[in-house]
Amino acid sequence: FLSKLSIEITPKQIDKLPLIAAHLPAGANVFIALIDPADVANQLVAAKALHAAGFSPVPHVPARFVRDEADLRERLARLCGEAGVTTCLVLGGGAPTPIGIYDAALQLLRTGHFQSCGIKTIGIAGHPEGNPDISKVHGEPALLQALQDKQAWIKDNGLSGFIATQFLFEAAPVAYWASELRARGIDLPIHVGVPGPATI
């Protein structure tokens, strides 16, 4: 477990790189969240620093923070070419209004730019405790269907994949959710988010 753990930071937290280097094994995945579309440039800076330090940067690519196809292509080309990125976590994103033409992860995947830029592994979002942003509009079955569609796309395109969850405080909902996924034919590995110290 400890040999394969990863950690998530924001672009601004790259100043914690010495602390990360002291505790994570070389080559570990370090996810770089993108909570603000204005942080795209800083995400690249963080990815380059992590790569130079011997880690595997895994940038979040939220669909709602991508303006158009040219924006996506340029972003991926720089992440891959300048920071050695081979894995991305592709998300819809929690923003209420997209800044561009995309609002779902599958739309980004279908552009073909991830493969053409050299991405080998795609992470997708899983929601053991549900996702009100999606279920309020489309219902709970839409979450399962989205995972099935994205898994099919990953396999059809010959890429590796995994499901990443947000951090959770209880194991039971994750175990139940995982068993439901397996029963529905979703067999991608599940990377469970575990919180560090947190206030109430």
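Quick note: numbers below take in every heavy atom, side chains included, and nothing from hydrogens, waters or symmetry partners.
- You'll find the side chain of Val30 reaches within 4.5 Å of the side chain of Leu24, heavy atoms only.
- A 6.0 Å sphere centred on NZ of Lys16 holds no more than 12 heavy atoms belonging to other residues, nucleotides or ligands.
- Tested against Leu109, the residues Asn157, Ile122, Ile119 include a single side chain to side chain contact (heavy atoms under 4.5 Å, CB included) partner, Ile122.
- More than 12 heavy-atom neighbours from other residues, nucleotides or ligands sit within 6.0 angstrom of CD on Glu69.
- Under a cut-off of 6.0 angstrom, the local environment of CZ in Arg67 is sparse, with at most 12 non-hydrogen atoms contributed by other residues, nucleotides or ligands.
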* Asked: Under the side chain to side chain contact (heavy atoms under 4.5 Å, CB included) criterion, do Thr121 and Phe162 qualify, and how do the steps go?
  -> CA-CA 8 Å; Thr121 304; Phe162 63 90; 3.8 Å; yes
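- For CD of Glu74, the number of neighbouring non-hydrogen atoms (other residues, nucleotides, ligands) closer than 6.0 Å is 12 at most.
- The side chain to side chain donor-acceptor pair (under 3.5 Å) search around Glu82 returns Lys48, Arg78, not counting sequence neighbours.
- Leu19 has its side chain out of reach of Gln13: every pair of non-hydrogen atoms, C-beta onward, lies at least 4.5 Å apart.
- The hydrophobic clustering, which links ILVMFWY residues whose side-chain heavy atoms are closer than 4.5 Å, places Val58 and Val192 apart.
- Using a 4.5 Å heavy-atom threshold, the side chains of Leu72 and Val61 count as touching.
- In the hydrophobic clustering of ILVMFWY residues, with side-chain heavy atoms under 4.5 Å counting as a link, Leu147 and Leu106 come out together.
- Hydrophobic clustering (ILVMFWY, side-chain heavy atoms < 4.5 Å, transitive): Leu89 and Leu159 are in distinct clusters.
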* Asked: Does the salt bridge (charged side-chain N to carboxylate O under 4.0 Å, His left out) test come out yes or no for Arg110 and Asp149, once each step is laid out?
  -> CA-CA 11 Å; Arg110 287 174 173 160; Asp149 292 345; 5.5 Å; no
